[in-house]
Amino acid sequence: MTVDGSIAELRPGKGKWTRRSYRVDVSVAGTKYRFKPNSIATSQLIRAGKKIFEPSMDDEHGDFLVQWLVSRADTEPADAAIGYALAVAFRTGAANLVSALINGAEMTLPD
């Protein structure tokens with residue numbers, strides 16, 4: 001991925017049992033970003049330790065919503081470009097371990 005002509009290094013997590021394992025670390029032009037799920041439906045984009053925005057993507061209708069957590073003066077053009085690209089590429093949200101286990105158990109029960 002490139003952002004404003006700079007190559008971005010992406011390091012996705014393993015995506016196993018915990019929400020944290022679905023994080024994606026990005027380094028571009030000396031700035032570090034982290035994109036990570038924070039609920040079943042939403043994720044966060046964090047730049048240099050500061051929460052920038054929370055995107056959410058609706059699978060049923062394809063709606064894409066973003067809640068900015070900082071003022072316009074505290075944003076960079078790359079924030080939107082990186083956050084939107086990661087949300088579309090990796091989706092938003094992830095179930096936690098307890099939800100995954102409950103849903104898995106429900107799938108094994110007879111109708």
Side-chain angles (χ1 to χ4, degrees):
M1 177 167 114
T2 61
V3 179
D4 196 25
S6 298
I7 295 175
E9 179 184 343
L10 279 80
R11 291 181 308 280
K14 294 181 181 182
K16 297 284 182 181
W17 292 100
T18 64
R19 275 193 191 130
R20 185 173 183 220
S21 70
Y22 286 90
R23 73 187 178 284
V24 180
D25 290 322
V26 178
S27 180
V28 60
T31 303
K32 297 200 181 296
Y33 290 87
R34 175 166 279 181
F35 182 76
K36 66 177 194 155
N38 61 341
S39 75
I40 285 180
T42 64
S43 291
Q44 294 178 343
L45 180 69
I46 301 166
R47 176 181 23 93
K50 186 174 187 175
K51 294 176 186 174
I52 303 297
F53 73 67
E54 293 182 345
S56 176
M57 191 174 286
D58 180 0
D59 288 335
E60 274 188 47
H61 302 100
D63 294 336
F64 183 75
L65 305 170
V66 174
Q67 178 180 1
W68 287 90
L69 305 173
V70 294
S71 69
R72 181 172 284 193
D74 292 331
T75 63
E76 302 288 332
D79 296 342
I82 291 169
Y84 295 167
L86 294 175
V88 171
F90 293 99
R91 308 299 290 171
T92 60
N96 63 16
L97 179 60
V98 173
S99 296
L101 291 174
I102 290 171
N103 287 337
E106 287 177 354
M107 294 178 76
T108 61
L109 298 173
D111 289 334

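All residue numbers in this chain count up from 1 along the given sequence. Values below: every heavy atom of this structure, side chains too, minus hydrogens, waters and symmetry copies.
Side-chain atoms of Ser39 come within 3.5 Å of backbone N or O of Thr42 as a donor-acceptor pair.
Considering only residues two or more places apart in sequence or on other chains, Asp4 meets the side chain to side chain donor-acceptor pair (under 3.5 Å) condition with none of them. Annotation: salt bridge (Lys or Arg N to Asp or Glu O under 4.0 Å) contacts of Arg11 (sequence neighbours excluded): Glu9. Residues satisfying the side chain to side chain contact (heavy atoms under 4.5 Å, CB included) criterion with Ala87, sequence neighbours excluded, are Phe35, Pro55, Phe64, Thr92. Partners of Lys51 under the side chain to side chain contact (heavy atoms under 4.5 Å, CB included) rule, at least two apart in sequence or in another chain, are Gln44, Ile46, Leu69. Among residues two or more places apart in sequence or in another chain, the side chain to side chain contact (heavy atoms under 4.5 Å, CB included) test is passed with Ser71 by Ala73, Asp74.
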Donor-acceptor pairs are to be reported for all side-chain atoms of residues 77-85 against protein atoms at under 3.5 Å, with residues two or more places apart or in another chain.
{"residue": "Asp79", "atom": "OD1", "partner": "Tyr33", "partner atom": "OH", "Å": "2.8"}
{"residue": "Asp79", "atom": "OD1", "partner": "Arg47", "partner atom": "NE", "Å": "2.9"}
{"residue": "Asp79", "atom": "OD2", "partner": "Arg47", "partner atom": "NE", "Å": "3.4"}
{"residue": "Asp79", "atom": "OD2", "partner": "Arg47", "partner atom": "NH2", "Å": "3.0"}
{"residue": "Asp79", "atom": "OD2", "partner": "Glu76", "partner atom": "N", "Å": "2.8"}

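Contact check for Lys36 versus Val24: no side-chain heavy atoms found under the 4.5 Å cut-off. Annotation: side chain of Leu10 is in contact with side chain of Phe90 (closest heavy-atom distance under 4.5 Å). Using a 4.5 Å cut-off on side-chain heavy atoms (C-beta onward), Val70 and Lys50 make contact.
Residue pairs meeting the salt bridge (Lys or Arg N to Asp or Glu O under 4.0 Å) criterion with at least one member in residues 81-90: none, sequence neighbours excluded.
With rounding to the nearest 0.5 Å, the separation of OG in Ser43 from CZ in Arg34 is 12.5 Å. Going from atom CD of Gln67 over to atom OG of Ser56 covers 10.0 Å, rounded to the nearest 0.5 Å.
With hydrophobic clusters built from ILVMFWY side chains whose heavy atoms lie under 4.5 angstrom apart, Val88 does not share a cluster with Leu65.
Scanning both residues, Val26 and Ala8, for their nearest heavy atoms gives CG1-CB, 4.1 Å. Closest approach of Ser27 and Lys32 over heavy atoms only: OG-NZ, 3.9 Å.
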